[in-house]
Visitor: 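Mind having a look at this structure? Questions to follow.
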2 protein chains.
Amino acid sequence: MKAPSSAPPQSPTEEAQEPRWLTDEEQRVWRSFMEGATLLDDHLDRQLQRDAGMPHVYYGLLVKLAEAPRRRLRMTELAMLAKITRSRLSHAIARLEKSGWVRREDCPDDKRGQFAVLTDQGYEVLRQTAPGHVEAVRQAVFDRLTPQQQKSLGEIMRIIAEGLQPTEAGADLPWLR
Amino acid sequence: MKAPSSAPPQSPTEEAQEPRWLTDEEQRVWRSFMEGATLLDDHLDRQLQRDAGMPHVYYGLLVKLAEAPRRRLRMTELAMLAKITRSRLSHAIARLEKSGWVRREDCPDDKRGQFAVLTDQGYEVLRQTAPGHVEAVRQAVFDRLTPQQQKSLGEIMRIIAEGLQPTEAGADLPWLR
DNA sequence: GGCTCCTCCTTGAACTTTAAACAAATGGCT
DNA sequence: AGCCATTTGTTTAAAGTTCAAGGAGGAGCC
């Protein structure tokens with residue numbers, strides 16, 4: 001991220017041309033982004049750990065389940081929706097199961113498959129902690145941005161997210177550029 | 001984050017009024033944000049773990065050190081710059097020390113104090129991996145956004161970050177609203 | 001000096017995340 | 001049926017993070 005004073009251009013046949021360093025302005029944007037994102041996630045993590053007894057990611061899992069038909073989702077689908085690995089999800093569900101907020105259920109169609117099912121207790125936790133969480137999000141984000149800024153933020157982050165989705169072919173195929 | 005169908009308004013004297021749920025549009029913005037931020041950080045984490053043998057946060061620490069006078073910073077100052085807790089920093093520096101990229105040095109003025117100092121080896125790692133990292137950031141972010149969007153992103157994230165800075169009095173004093 | 005409070009940083013335990021390896025089931029394909 | 005590649009989800013260990021507690025030095029005050 002830092003440009004060592006003056007690096008001379010590489011040989012033209014080298015794959016590594018002079019790196020496209022960030023300009024000062026780009027630097028500022030990038031650092032603001034990282035700082036904001038870090039502070040925000042830490043903030044919400046603490047908020048939820050305190051009020052709901054779980055990290056932000058876990059809370060997000062419960063939300064996805066609550067929105068799903070019959071409050072259940074296949075592990076792989078949940079992992080994709082939540083943008084986390086299956087491994088991470090496995091651990092997370094194990095912990096949420098221990099807390100009594102989620103229960104596993106076998107999939108009748110596919111003996112490999114597992115459903116993660118939101119328990120009534122899990123739904124209750126969500127019901128009780130959701131107001132506090134939305135409020136935290138509002139105070140940290142929406143209350144501070146103009147409608148136009150909110151709209152921009154949505155568009156921008158959607159673009160960034162799409163560029164990184166494993167779904168999008170070409171994203172992991174840089175040699176096709 | 002999810003509004004259970006129709007919750008009746010609370011008693012007016014209750015502190016908990018009807019929660020200010022997010023509108024559908026706000027939901028979309030918020031989810032795009034979380035997804036984008038998650039995917040981006042995971043992506044850069046993998047990129048740096050692969051190419052530099054350390055997580056994104058650790059890389060950021062080396063960058064801060066590289067920019068500091070005499071390539072050294074007091075632990076507390078580094079923690080504040082990097083927006084992480086001192087505890088986390090302690091562990092992180094221990095690991096970076098083991099890797100030979102940072103070294104601790106006692107502070108002459110204050111016997112409690114410690115400097116984290118970037119070693120030559122640490123600087124070298126940075127020099128070699130910085131180009132690849134900037135490139136990753138460019139591809140994921142700057143190459144996809146218009147100049148106007150980049151500017152907006154900077155402004156927006158700066159606002160969010162400022163609202164969460166422990167520095168800003170009033171941020172932790174919600175009763176003063 | 002002695003007292004108290006605060007700051008600086010570390011530590012250890014509990015918890016979460018990652019990466020790699022794995023078993024089991026599925027889905028073609030012959 | 002038999003075979004092989006893929007998909008599904010879990011497991012293990014190592015790495016990273018958090019939280020609460022604590023040692024030690026500094027700073028103000030009597």
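Keep in mind that the numbers below use all heavy atoms, side chains included, and drop hydrogens, waters and symmetry copies. We name chains A, B, ... by the order of the sequence lines, and we start the count at 1 in each one.
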Visitor: Can you identify which nucleotide, out of C/dT11, D/dG16, C/dC9, has its nearest atom closest to the B/Arg95 side chain?
Guide: D/dG16
Visitor: Using 4.0 Å as the upper bound for N to carboxylate O, is an ion pair formed by A/Asp143 and B/Arg20?
Guide: yes
Visitor: Rounded to whole Å, please give me the gap between CZ in A/Arg86 and C1' in C/dT16.
Guide: 19 Å
Visitor: Over all strands shown, is A/Arg50 touching base, sugar-phosphate only, or nothing at heavy-atom distances under 4.0 angstrom?
Guide: nothing
Visitor: CE of B/Met54 versus P of C/dA19: gap in Å, rounded?
Guide: 15 Å
Visitor: Cationic tip of A/Arg71 within the cone over A/Tyr123's six-membered ring, i.e. under 6.0 Å and within 45° of the normal?
Guide: yes
Visitor: From the set D/dT10, D/dG9, D/dT17, return the single nucleotide nearest to any side-chain atom of A/Ser87.
Guide: D/dT10
Visitor: Count the heavy atoms belonging to other residues, nucleotides or ligands that lie under 6.0 Å from CZ of A/Arg70, then report whether that count exceeds 12.
Guide: no
Visitor: In whole angstroms, how far is the C1' atom of D/dT7 from the CE atom of A/Met80?
Guide: 12 Å
Visitor: Rounded to the Å, how far apart are A/Arg46 CZ and C/dT16 C1'?
Guide: 16 Å
Visitor: With heavy atoms under 4.0 Å as the rule, sort B/Asp45 into base, sugar-phosphate or nothing.
Guide: nothing
Visitor: Whole angstrom is fine here: how far is it from CD in A/Gln114 over to C1' in C/dT26?
Guide: 16 Å
Visitor: In whole angstroms, how far is the P atom of C/dC8 from the CG atom of B/Leu73?
Guide: 14 Å
Visitor: Please figure out whether A/Ile84 or A/Asp110 has its closest DNA chain C nucleotide nearer the 5' end.
Guide: A/Ile84
Visitor: Could you check whether the side chain of B/Arg88 and the base of D/dT18 have a donor-acceptor pair of N or O atoms closer than 3.5 Å, going by distance alone?
Guide: no
Visitor: Closest approach to the side chain of A/Lys111, judged atom by atom: which nucleotide of D/dG26, C/dT10, C/dT26 is it?
Guide: C/dT26
Visitor: Roughly, in whole Å, what's the span from CG in A/Asp109 to P in D/dT7?
Guide: 19 Å
Visitor: Does A/Asp45 reach the main-chain N or O of A/His56 with its side chain, forming a donor-acceptor pair under 3.5 Å?
Guide: yes
Visitor: Could you please name the option among D/dG25, D/dC19, D/dT8 that lies closest to any side-chain atom of A/Arg74?
Guide: D/dT8
Visitor: Would you indicate which nucleotide in D/dT17, D/dG26, D/dT12 comes nearest to any side-chain atom of A/His91?
Guide: D/dT12
Visitor: Tell me whether A/Thr119 contacts the main-chain N or O of A/Gly100 through its side chain, where contact means a donor paired with an acceptor under 3.5 Å.
Guide: yes
Visitor: Just N and O in the side chain of B/Arg112: are any of them under 4.0 Å from OP1 or OP2 of D/dG26?
Guide: no
Visitor: For the side chain of A/Tyr58, starting at C-beta, report the closest nucleotide among D/dT8, C/dT16, C/dC9.
Guide: C/dT16
Visitor: Of all the nucleotides listed (C/dA19, D/dA24, C/dT16), which has the minimum atom distance to the side chain of B/Gln49?
Guide: C/dA19
Visitor: Between D/dT17 atom C1' and B/Lys83 atom NZ, what is the distance in whole Å?
Guide: 19 Å
